[in-house]
Amino acid sequence: MAGFLQEIVEGLGAGAIYASLALALVLIYQFTGIVNFAQGELAMFSAYIAWQFMAAGLPFWLALVLTLAVSFVGGMLIERVVIRPVEGAPELTVVIVTVGLFIFVNAAAGWIWSFLIKDFPNPFPGGAIEAGGLSLGYSTLGIMAVVGVVMGLLYLLFQHTKVGLGMRAVASNPSSARLVGIRVGWTLALGWGLAATVGAVSGILVAPLLFLEPNMMGGVLIYAFAAATLGGFDSPVGAVVGGLVVGVAETLAGAYVGFIGSDLKVGVPLVIILFILLLRPQGLFGRAAVERA
Amino acid sequence: MLEVHDLTVRFGGITALDSVGFSVWSGEMVGLIGPNGAGKTTLFNCLTRRYDADAGEVRYEEENLLAVPPHAIAGLGIARTFQNLGLFGHMSVRDNILVGAHHTGGAGFLTAALWLPRVRREEARLRAEADSLLERLALTEVADHPAAGLPFGTLKRVELARALVGRPKLLLLDEPVNGLNSAEVEEFSGTLRALREEFDVTVVVVEHHMGFVMGICDRVVCLDFGRKIAEGPPAEVQRDPGVMRAYLGTAI
Amino acid sequence: MSENAFLTVTDLRAGYGGARVLHGVSLAVGQGEICAILGPNGAGKTTLLRALSGMVRVRGDVRLDGADLSGRSPDTIARQGVAHVPEGRGTFMPLTVEENLRLGAFVRRDRRSLRGLRDLRGRRGGSAVDADLERVHTYFPVLKTRLKQVAGSLSGGEQQMLAIGRALMLRPRLLLLDEPSLGLAPMVTQELFRIVRAVNEEERTTVVVVEQNAHLALSIAQQAHVLESGRIVLSGSAEQIRADEQVAQSYLGYRV
Amino acid sequence: ACGGREAAAPSTAASGSGSGECQGQQTTGITDTSIKLGGIYPLSGPASAYGDIPKGIKAYFDYINAEKNGIGGRKVEFVVRDDGYQPPKAVEEARRLVEQEQVFALFQTLGTPSTTATWDYTNQQKVPQVFVATGASKWGSDTAHPWTIGWQPNYISEARVYAQYLKQERPDAKVAVLYQNDDFGKDLLGGFKKAIEGSKITVAAEQSYEVSDPSVDPQMRNLAGSKADVLLNITTPKFGSQALAADAKNTSWNPLHIVNNVAASITVLKPVGFPNVQGVVSSTYYKDPNDPKWKDDPEMMLYYAKMKQYAPDADPTVPYHTFGWAVASSFHKAMEAAKCPTREGLRDAMRALQNVQVDMLLPGVTLNTAADDGFPIESMQLMKFQGERWELFGDVIDTRKEFGPLTN
Amino acid sequence: MSGPAEVTEKAARAAAPTRGRSLARVATARRQWIVMAVLLAVACYAPFQLVPFRVFQLTMVLVYAVALLGLNLLVGHAGQISLGHGAFFAVGAYGSAIMIDRWDTPHLATLPVAAAVAFALGLALGLPAMRLRGLYLALVTLAIAIFLVPLLKRFEAVTGGSMGLTLGKPVPPAWTGLAEDQWLYFLALAVTVVAFLLAHGLLRSRVGRALHAVRDNEAAAEVMGVRLSFYKTLAFAWSAMFAGAAGCVYTWVIGFVSPDSFALTLSITLLASIVVGGLGSFSGPLLGGLFMMFVPSISQDVNDAAPGVIFGLLIIAVMYVAPTGLAGLAGRMTRSITKILRKE
Ligand SMILES: Nc1ncnc2c1ncn2[C@@H]1O[C@H](COP(=O)(O)OP(=O)(O)OP(=O)(O)O)[C@@H](O)[C@H]1O
Ligand SMILES: Nc1ncnc2c1ncn2[C@@H]1O[C@H](COP(=O)(O)OP(=O)(O)OP(=O)(O)O)[C@@H](O)[C@H]1O
Ligand SMILES: [Mg+2]
Ligand SMILES: [Mg+2]
């Protein structure tokens with residue numbers, strides 16, 4: 001039993017990682033209505049920036065703050081320079097631009113920092129809380145706390161601020177949003193900036209665990225995508241719950257479903273997601289689109 | 001031809017239709033009026049199986065309409081237009097209309113891919129029908145134009161053509177003269193009358209344009225808050241105090 | 001036409017892509033005036049309003065109270081106090097009715113209008129925006145009962161009311177109405193024009209209204225223009241236009 | 001550049017430089033003063049880390065071109081193409097190099113899938129495919145592809161080295177295995193299982209991972225559950241680090257950790273933290289540029305000097321560069337040994353290497369091939385991580401001598 | 001899927017001349033056929049003029065074009081997103097490879113089977129597609145592409161596991177007098193032409209219109225009698241079938257299949273290529289195939305240190321210049337050229 005609970009704890013830990021990136025995905029979806037394939041790579045790039053700051057001798061927390069700031073500005077710049085020219089083009093065109101961005105950022109990071117892995121300091125202490133045969137690492141706890149805080153902030157942003165209202169308006173109907181006076185361009189840039197910042201948090205959380213290298217976020221992105229889909233692409237709470245469900249399902253499958261084997265375990269969360277989606281096509285926390293002819 | 005009994009539809013706390021019942025005889029033209037949000041469009045949506053009824057019954061030519069899957073409605077001879085347009089924006093006007101004849105065609109994936117003579121013949125037939133309707137509704141000029149970007153009034157005609165090309169028996173029109181000026185409304189009434197004769201179609205029309213409704217309908221049903229509050233010949237309904245209070249207001 | 005017009009449009013040309021729709025439209029509307037635009041289907045009425053609110057690229061000159069609006073983006077123009085009820089309503093489908101209405105006041109300076117801050121502090125009412133929300137509720141009582149409903153599920157007419165309510169939330173200096181009565185029940189249509197009249201009188205809001213119900217439009221307008229194929233073919237005071245033979249035939253035919 | 005069809009026809013020694021017994025052999029891509037080689041590596045995509053190898057090779061060739069007048073008077077031109085680790089791309093690039101660039105030989109294709117996808121073609125075209133950068137055993141054991149040959153010790157041999165070591169040190173070890181679910185992981189795991197047959201050593205648990213997995217932590221947890229006393233870590237660099245870190249983090253499970261050569265590079269261990277990887281065992285066959293033992297080794301000094309000179313952007317301490325240097329100098333030796341400066345000559349020289357010394361390889365490790373032996377390097381030496389570097393221990397193990405030739 | 005810009009542009013284009021439109025239409029149709037015939041003639045002549053390496057490259061372009069044709073059917077015409085089309089491609093490739101490997105099936109005979117297997121898989125996976133939309137559907141297709149790789153590795157006895165299968169190539173019949181590369185090229189060309197003809201027939205008929213209707217407005221389409229589930233599922237299946245056929249030809253050309261050849265990158269590249277080529281357009285798949293084949297090598301010619309940097313930038317650049325794809329750009333260019341020519 002303790003073993004089982006321990007697996008769940010571990011699964012939650014992994015899930016929190018996926019959730020951290022899923023939050024960034026959900027954020028940008030809320031702002032712009034597109035899925036950003038480059039989100040993971042931007043997070044990785046932010047982690048490199050943090051690494052570079054630390055390599056230059058800055059202490060971790062200062063490097064963190066600077067990285068978040070740089071990521072925010074960088075995200076806005078990307079929107080202005082890369083996304084703006086295709087604004088108003090068909091949705092898939094924008095999505096493919098983010099695919100191009102993915103390839104570009106990945107290669108650029110390899111070019112600048114090489115593909116060799118780098119270690120990244122863990123902001124959380126190494127130990128673990130032991131209780132009732134369960135062990136809960138401080139690192140896991142720390143990640144969960146950060147993810148929880150980010151989720152809460154995003155929830156407040158979406159639901160309880162004017163900016164949040166404006167950005168949901170932009171995502172749902174850009175031309176009407178303009179008519180009521182929303183600066184759509186700035187709102188989108190802001191969205192990219194914020195998403196890049198949340199992504200940077202994710203990258204900095206992930207890097208100490210998976211080691212920093214240009215392909216670090218590739219696998220995470222897929223699980224984050226799964227998490228966001230499961231939770232519903234329009235809900236930060238959903239992203240987190242989705243991430244945790246995916247993490248736990250994956251871990252339990254790997255641990256207990258022996259006949260499947262570790263090679264096919266990836267199928268288990270996918271099947272679960274498919275099943276849930278068939279019951280709730282808009283995801284667990286998503287709002288069903290109301291369509292009236 | 002169409003019998004609606006005790007039809008009820010609820011959305012959460014809102015009762016959009018509340019035990020509505022009425023009948024439509026073959027060949028008739030029935031006007032459906034009522035304040036905004038009375039449930040007129042919802043009724044249409046029920047008839048075309050876009051919404052599920054919570055209670056009640058709908059019989060269409062002795063068939064239980066509520067048991068028919070949505071895509072089979074067209075095959076039964078029921079066609080409709082949409083209140084705020086339901087066109088296929090990227091498709092040309094002609095193709096939009098051809099989709100209206102979808103249920104009369106028989107080409108499947110394989111036969112179409114092989115472009116069999118059968119398919120070719122069918123295609124030619126459909127195109128001829130569509131072209132004659134385009135002509136009738138003065139749409140030939142814009143036949144190859146994508147639907148998106150055309151003026152609202154034109155699009156309303158495209159919708160009408162699309163509904164008619166499948167040679168329906170029952171035509172449901174949701175605010176067809178919306179956005180037309182009075183001359184255009186008059187012209188539209190004339191066209192509709194003629195088409196009705198020619199296609200031998202029964203019509204139920206939702207419209208807030210009283211001049212149009214009173215001028216063209218044989219009978220009028222008035223809904224309010226999902227309930228039927230009046231039914232009868234246009235002139236009678238127009239004088240009905242309930243209808244006046246809920247819908248028409250004082251001076252018209 | 002007033003000498004010191006509030007809104008002046010000179011030789012306005014506009015279109016979509018390569019297709020020109022407006023071929024040099026000029027008009028002037030005085031402050032606090034109501035101006036009706038009539039015209040057949042496809043004449044370019046909608047395009048004219050879109051040009052005024054910056055939704056389509058224009059050539060020519062548009063001035064609002066002296067300020068040049070031509071070539072400005074819609075949000076800049078909205079900030080100048082121009083509210084537009086667009087053709088097709090422009091509802092924010094996934095948002096609630098209340099959110100839709102509050103978005104109308106997005107550019108107003110009452111920072112209290114931040115829906116969130118108010119909710120966070122547990123305060124209700126009090127701000128000017130809240131007062132305006134109340135006002136819209138009295139205009140369109142249906143909306144009040146639907147505040148938390150997703151706007152996309154409203155009936156056609158209800159969405160139309162919502163679009164008008166949203167525009168009023170701005171307390172605009174210039175109100176552009178594109179077929180506001182579209183899909184509204186007769187009673188509401190009459191009420192609507194009473195409201196427009198009232199807003200116009202109380203706040204000296206200038207109004208440009210495109211409307212097929214020419215009777216009603218002309219009954220509240222001071223001046224009117226008839227647009228055909230992208231050109232103004234007839235202008236005058238509301239009475240003059242009403243008296244015109246041609247207009248009577250095309251636009252006033254149905255006297256119900 | 002679309003020349004006529006005849007441009008693709010191989011030139012032969014009749015019109016080229018060869019004579020005598022070399023008459024009639026292929027001389028495409030080689031003249032008296034030049035030799036053109038082509039290599040295919042993943043410069044983009046998930047395996048891009050290996051893209052460092054050609055930098056070492058290029059540095060070597062630049063050096064001998066500039067200072068040693070090339071290989072036997074022939075300046076080497078080395079064309080590198082990217083296949084993104086995708087087999088169809090590798091086929092395309094191989095054909096580009098052979099048909100359009102008209103290279104003399106393919107010098108290295110990286111990865112088993114890419115090499116497998118191309119070797120039918122190269123053998124059909126009779127183009128040498130030399131020293132491919134993969135340790136699959138088929139390059140040496142397959143008789144239908146005489147034009148292709150490997151270089152590094154094959155994975156099965158490496159597995160034998162570990163099995164041998166365990167038989168001595170932990171004769172009744174229970175082994176947990178983490179392996180990459182591809183040819184590399186399976187070859188090594190299979191070889192290991194075969195090598196421990198008949199001994200008391202057992203495989204207590206095995207877990208695989210896909211290269212697309214974000215992390216091997218779950219696998220490591222499952223392995224920890226087996227309480228095995230040896231962990232065989234068959235991974236590529238990133239996952240190697242993750243596994244080492246996971247092992248270090250788990251204080252209640254302390255198996256003997258054997259990490260395979262692919263992931264034994266110092267660049268893998270360093271991020272994990274040297275205190276965390278003390279006592280880890282691996283094996284190698286070429287000199288580690290980080291090992292102070294070689295500080296005064298002439299070859300290593302030359303390497304550092306020439307890397308600085310000819311590849312100033314590349315970090316010489318990265319073992320991939322050293323690998324590239326070693327394989328390039330191996331090619332140098334093989335080419336010099338060729339009787340004919342022709343493709344056939346190279347092919348034959350490849351399978352007649354006898355005790356060829358390559359200075360970047362460990363002392364005692366030599367290149368040895370024969371008509372029935374297609375494995376140039378079959379010797380490895382065990383090493384243990386101590387302090388900040390690998391310490392070699394024991395003798396060089398010649399797996400061919402110890403275990404006999406590989407049979408498929 | 002629709003952007004306002006696109007609509008406006010199309011509208012503007014079509015709005016200009018109205019009179020004599022049907023005449024113009026006939027003329028355009030005839031011109032299209034002439035263009036096609038010329039293209040085909042060039043395509044038949046090319047392999048005798050090019051070095052085998054180029055012929056091989058063109059063969060791969062055709063292979064990709066067939067796969068993209070399928071994807072275009074699904075994404076461009078039916079409006080459903082697939083992030084996992086590489087899986088269908090892989091199924092066709094493996095289907096063919098296994099038949100050749102195990103039963104020595106003649107190469108050509110594997111084509112219908114491979115296509116049928118992919119069709120069946122598409123049909124099975126099209127079922128959830130009935131209920132899911134947009135992103136949610138995209139995830140499911142993505143999952144398929146991810147899951148396929150370990151699955152192929154698992155059934156080693158049949159698939160050859162991670163080592164894959166190596167196969168012989170089809171031998172050109174003696175009477176043709178063709179070299180192997182040329183023969184392969186003509187096989188691919190034949191498959192491409194047939195695939196394009198099939199797709200063309202499909203799209204100009206009632207079926208194509210139904211797909212477009214589903215893409216533009218599901219609710220209205222259903223009222224017109226279009227059975228959404230049927231059309232979505234079959235669009236999936238047909239799209240998979242084309243991808244499967246392409247995969248089969250791929251096996252003939254490359255002679256080697258392995259799980260790594262069909263990783264997720266393939267699926268993403270396919271999607272990117274069809275968007276770059278031009279969604280919903282006739283020439284989009286071909287242009288996409290050219291892009292997929294040639295742009296990565298161009299990228300490394302420009303910067304061999306980090307080809308990905310250039311490749312990523314090129315994708316972005318193409319989308320700037322041609323937001324509706326290369327096909328749209330090509331169309332715009334021909335139109336402006338004819339306009340200029342007419343003026344003179
Ligand atoms: N999907 C839905 N979810 C929630 N409420 C709905 C939904 N569809 C309709 N309603 C509500 O049901 C009521 C009836 O709507 P309906 O569209 O039938 O009105 P209507 O009579 O057509 O009005 P109008 O004349 O304005 O078009 C409205 O109040 C609307 O808000
Ligand atoms: N988005 C668009 N893209 C391209 N052309 C358009 C677009 N919108 C309108 N048009 C064209 O502009 C012309 C004028 O249209 P507009 O909508 O301004 O007319 P209108 O007078 O408002 O007509 P209605 O009474 O039908 O609303 C029409 O010919 C139409 O085809
Ligand atoms: Mg309605
Ligand atoms: Mg209009």
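Values in this document were obtained by computation on a predicted structure and should not be read as measured data. Convention: sequence-line order gives letters A, B, ...; per-chain numbering from 1.
For the atom pair B:His90 NE2 and E:Asn217 CG, the distance stands at 12.0 Å (nearest 0.5 Å). Note: E:Arg209 CZ to B:Leu98 CG = 4.0 Å, rounded to the nearest 0.5 Å. Put simply, CE on E:Met224 and CD1 on B:Ile97 are 11.0 Å apart, with the number rounded to the nearest 0.5 Å. Expressed to the nearest 0.5 Å, how far CZ of B:Phe109 lies from CZ of E:Phe230 amounts to 6.0 Å.
Across all their heavy atoms, B:Ala74 and E:Val223 have their closest contact at CB-O, 3.4 Å. Closest approach of E:Asp216 and B:Gly89 over heavy atoms only: OD2-N, 3.4 Å.
Looking only at side-chain heavy atoms (C-beta outward), B:Glu122 and E:Arg206 come within less than 4.5 Å of each other.
The environment of CZ in B:Arg118 is sparse: at most 12 heavy-atom neighbours from other residues, nucleotides or ligands sit within 6.0 Å. When the shell of 6.0 Å around CD of B:Glu135 is examined, it contains 12 or fewer heavy atoms from other residues, nucleotides or ligands. Other residues, nucleotides and ligands contribute at most 12 non-hydrogen atoms within 6.0 Å of the CZ atom of B:Arg10. Around CD of B:Glu62, the count of heavy atoms belonging to other residues, nucleotides or ligands within 6.0 Å does not exceed 12. Within 6.0 Å of the CG atom in B:Asp54, the count of heavy atoms belonging to other residues, nucleotides or ligands exceeds 12.
The contact list for residues 190-199 of chain E toward chain B, using heavy atoms and a distance under 4.5 Å, reads E:Leu197, E:Leu198 by residue number. Heavy-atom proximity under 4.5 angstrom to chain E picks out B:Pro70, B:His71 from residues 65-73 of chain B.
Neither the backbone nor the side chain of B:Leu150 has a heavy atom closer than 4.5 Å to any heavy atom of chain E.
Per-residue heavy-atom pair counts under 4.5 Å with chain E were compared for B:Ala163, B:Gly106, B:Gly100, and the maximum is reached by B:Gly106.
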| field | Chi angles and distances behind the side chain to side chain contact (heavy atoms under 4.5 Å, CB included) call for E:Leu202, B:Trp115 | value | CA-CA 8 Å; E:Leu202 205 64; B:Trp115 203 236; over 6 Å; no

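Ring-plane geometry between E:Tyr231 and B:His102 is classed as perpendicular, the angle between the planes exceeding 60 degrees on a 0 to 90 degree scale with a lower cut at 30.
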